[in-house]
J.: 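Can you keep this structure in mind? I'll have questions shortly.
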Amino acid sequence: MGKPYGRILLKLSGEALMGNLGYGIDPKVVQEIAAEVAEIVKSGTQVAIVVGGGNIFRGVKASAAGMDRATGDYIGMIATVMNALTLQDCLERLEVQTRVQTAIAMQEVAEPYIRRRAIRHLEKGRVVIFGAGSGNPFFTTDTTAALRAAEIDAEVIFKATKVDGVYDSDPHVNPQAKRYQTLNYVHVLTQDLRVMDSTAIALCKENNIPILIFDLSVRGNIQRAVMGESIGTIVGGFCEVS
Ligand code: UDP
């Protein structure tokens, strides 16, 4: 087994915090995620987190129902801050030091996003949670994850999902479906594999940031991923099916 990752960026979708609720935040699920993050932080890996907001609000959906798109996106970004604060609370209860930094200033509740300060927090062993996406409408928190990973020089993006990787066809429909162990960026883009949106993939490609897609619901998976165990699918290398 190789050396554990030194600095990672974990992308948590809003849905990951929702559990089976259908809407909002399941505190029990967030506590479980926090416990896993606490383990890797305590063993020395620096962790930055980008949280989504899809469990609360999505601009695209609101705009389909007639709302101005940019306004909907601002609401979506604010929703991510609720998730960020919840995660912060769960981590701090486990005695992990954290800072929330938001891309839309709300200084009464969180620090503004300042890249150099974020890096300093990480170096001190604090978990930095990035809220409010990129601060710009028409973007996603996946793209934010790629952007922040490049900015803070993260070695890898961990994209936590409900499936154990990327398949060549839908494993629920096709029992012969094969899971890719590795994929390259161009393949993901040309085959429209929907690992992350294309802006995020393009940014990772340009900056050579690998993306690991793995199942967050399996206990211990974050730790395994940090140790470089081959769970899930890694985007960044050559295509290989398992
Ligand atoms: N959003 C945005 N700009 C960003 C990031 C997010 O406008 O840089 C808005 C957008 O409306 C999006 C919502 O915030 O639908 C929630 O983020 P996302 O859908 O990426 O969350 P996830 O799918 O990860 O839960």
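Remember, predicted model here, so these are calculated numbers, not experimental data. We count ligands from 1, going down the list as the structure has it; atoms in each ligand are counted the same way.
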J.: Evaluating non-hydrogen atoms only, which member of Gly53, Gly76, Ser13, Ala132 is closest to atom 21 (O) of ligand 1?
T.: Gly53
J.: Please state which protein non-hydrogen atom is closest to atom 8 (O) of ligand 1 and give its distance, to 0.1 Å?
T.: Ser134 OG, 2.5 Å
J.: Any chance you could measure Ile33, atom CD1, to Lys28, atom NZ, to the nearest 0.5 Å?
T.: 12.0 Å
J.: Return yes when atom NZ of Lys42 has more than 12 non-hydrogen atoms of other residues, nucleotides or ligands closer than 6.0 Å, and no otherwise.
T.: yes
J.: Atom 3 (N) of ligand 1: which protein heavy atom is closest, and how many Å away?
T.: Asn136 O, 2.7 Å
J.: To which protein heavy atom is atom 24 (O) of ligand 1 closest, and what is the distance rounded to 0.1 Å?
T.: Lys11 NZ, 2.8 Å
J.: Tell me the contacting part of Lys61 for ligand 1: side chain, backbone, both, or neither, using a 4.0 Å heavy-atom threshold, strictly below.
T.: neither
J.: Which of the numbered atoms in ligand 1 are below 4.0 angstrom from a heavy atom of Gly14?
T.: 22 (P), 24 (O), 25 (O)
J.: Are Tyr74 and ligand 1 in contact, using a heavy-atom cut-off of under 4.0 Å?
T.: no
J.: Please write down residue, atom name and distance for the protein heavy atom closest to atom 2 (C) of ligand 1.
T.: Phe139 O, 3.1 Å
J.: Give the single entry among Asp142, Asp197, Asp73, Thr140 that approaches atom 9 (C) of ligand 1 most closely by any heavy atom.
T.: Asp73
J.: Without swapping roles, check the side chain of Arg99 against the backbone of Leu122 for a donor-acceptor pair under 3.5 Å.
T.: no
J.: Give me the residue, atom name and distance of the protein heavy atom closest to atom 23 (O) of ligand 1.
T.: Arg58 NH1, 2.7 Å
J.: Looking at atom 12 (C) of ligand 1, what's its closest protein heavy atom, distance included?
T.: Gly59 N, 4.2 Å
J.: How far apart are the C-alpha atoms of Ser217 and Lys162, what are their side-chain angles, what is the distance that settles it, and do they pass the side chain to side chain donor-acceptor pair (under 3.5 Å) test?
T.: CA-CA 7 Å; Ser217 64; Lys162 288 179 176 165; over 6 Å; no
J.: Any N or O on Phe57 sitting closer than 3.5 Å to an N or O of ligand 1?
T.: no
J.: Hey, is CD on Glu123 packed in by over 12 heavy atoms from elsewhere, all under 6.0 Å?
T.: yes
J.: Near Arg194 CZ, under 6.0 Å, is it more than 12 heavy atoms from other residues, nucleotides or ligands?
T.: no
J.: For atom 18 (P) of ligand 1, grab the closest protein heavy atom and report residue, atom and distance to one decimal in Å.
T.: Thr141 OG1, 3.4 Å
J.: Considering distance alone, does some N or O of Asn55 sit under 3.5 Å from an N or O of ligand 1?
T.: no
J.: If you measure every N/O of Pro137 against every N/O of ligand 1, is any gap under 3.5 Å?
T.: no
